[in-house]
Protein chains: 2
Amino acid sequence: MEWKLDKDRPICPQLMELIVTGIAGGEYAAGEKLLSVREVALQAGVNPNTVQKAFSEMERDGMIFSRAGSGWFVAEDTGKAVERVETLARTRTEEYVSGMRALRKEDADILRMVEEVCHE
Amino acid sequence: MEWKLDKDRPICPQLMELIVTGIAGGEYAAGEKLLSVREVALQAGVNPNTVQKAFSEMERDGMIFSRAGSGWFVAEDTGKAVERVETLARTRTEEYVSGMRALRKEDADILRMVEEVCHE
DNA sequence: ATTACTGTAATAGTACAATAATACAGTTAG
DNA sequence: CTAACTGTATTATTGTACTATTACAGTAAT
């Protein structure tokens, strides 16, 4: 895992996104053990509390679970993670389009710009 | 002006974007007087200090200017505003695409999703 | 059992954006 | 001139995200 974080945005949701994408993408298998809170904090260069918070929120959503003293593990059902990634993609696209429209961009211009950026 | 603000994001840049888009879109003509700091704060439901900060930052970029005691006015050259809107659109598109790629989306999927959201 | 890991919790401190409340000075219309 | 508007500046307070540090208890390997 790369832990490529943007320092200018909240770290907690970024961590969550990296992990959920890893699960949905199959890099983390169901039931697999994750890195420890302290290890992630070390590798990502952030505070353990922030990692703990990210893990706890993902646990609340049923995507991972913890065994106290033992570690964090990927949930048996990875469906939640796949679903979450899809929702994220959809939400982000909607926000992007509405943001571009606020800039007075026509749909055709939006599509053209996305295409252009993709092909670079 | 609508002052449609998202309370979950920093207000200052949102105000700047609304104004710069208004200038670039021609709703505010070159040299035209803008609403006062206090009036914008009232209409938008935010603190005057935040409006003052937004105006000052736009002044630093040469898009508007102030005459102390008189008010704020659109700069004679609106090119800066047009340019800024283009940069915003471009940057936002790049961030969107790279964000979607982080979710393991192929270019074709990205384009398909944008198209779908546009046609709704 | 000891050791070294794990999760978990609590507290304090930092940084930032925004708010709140004033105050002061320049401009302009009456 | 005066009154009512302007921009501008200052100080204090709130809320939030993150950091820093420490502590405690569960787990597992030796």
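Order of the sequence lines fixes the chain letters, A, B, ..., with proteins taken first and strands second; residue numbering starts at 1 for each chain. This structure is a prediction, so every number in the text was calculated from the model and none was measured.
DNA chain D is contacted by no residue of residues 57-65 of chain A, taking any non-hydrogen atom closer than 4.0 Å.
Rounded to whole Å, atom C1' of D/dT6 lies 15 Å from atom CG of B/L42. One atom, CG of A/N47, and another, C1' of C/dT14, lie 12 Å apart when rounded to the nearest Å. When rounded to the nearest whole Å, the span between CG of B/N49 and P of D/dT8 equals 12 Å. Here the P atom of nucleotide D/dG15 and the NZ atom of B/K7 are 11 Å apart, to the nearest Å.
Sequence neighbours left out, not one pair with a member in residues 32-53 of chain B passes ring pair (Phe, Tyr, Trp, His ring centres under 6.0 Å). Note on residues 12-50 of chain B: no pairs pass ring pair (Phe, Tyr, Trp, His ring centres under 6.0 Å), not counting sequence neighbours.
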Check: protein-nucleotides 3-7 of chain C nitrogen or oxygen pairs below 3.5 Å:
residue, atom, partner, partner atom, Å
C/dT6, OP1, A/S36, OG, 3.2
C/dG7, OP1, A/V37, N, 3.3
C/dG7, OP2, A/V37, N, 3.1
C/dG7, O4', A/G69, N, 3.2
C/dG7, N7, A/R38, NH1, 2.9
C/dG7, O6, A/R38, NH2, 2.8

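Side-chain contact between B/L88 and B/T21 is absent, with no heavy-atom pair separated by less than 4.5 Å.
For A/K80 and A/D61, the salt-bridge test fails: no basic side-chain N is under 4.0 Å from an acidic carboxylate O. Between B/E95 and A/R9, none of the side-chain N atoms (NZ, or NE/NH1/NH2) sits under 4.0 Å from a carboxylate O, so this pair counts as no salt bridge. By the 4.0 Å N-to-carboxylate-O rule, A/R112 lies too far from A/E106 to be salt-bridged with it.
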Could you pull out every donor-acceptor pair under 3.5 Å between side chains of residues 65-76 of chain B and any protein atom, sequence neighbours left out?
residue, atom, partner, partner atom, Å
B/S66, OG, B/E59, OE2, 3.4

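Taking Ile, Leu, Val, Met, Phe, Trp and Tyr as hydrophobic and joining them when side-chain heavy atoms fall under 4.5 Å apart, one finds A/V82 isolated, its cluster having no other members.
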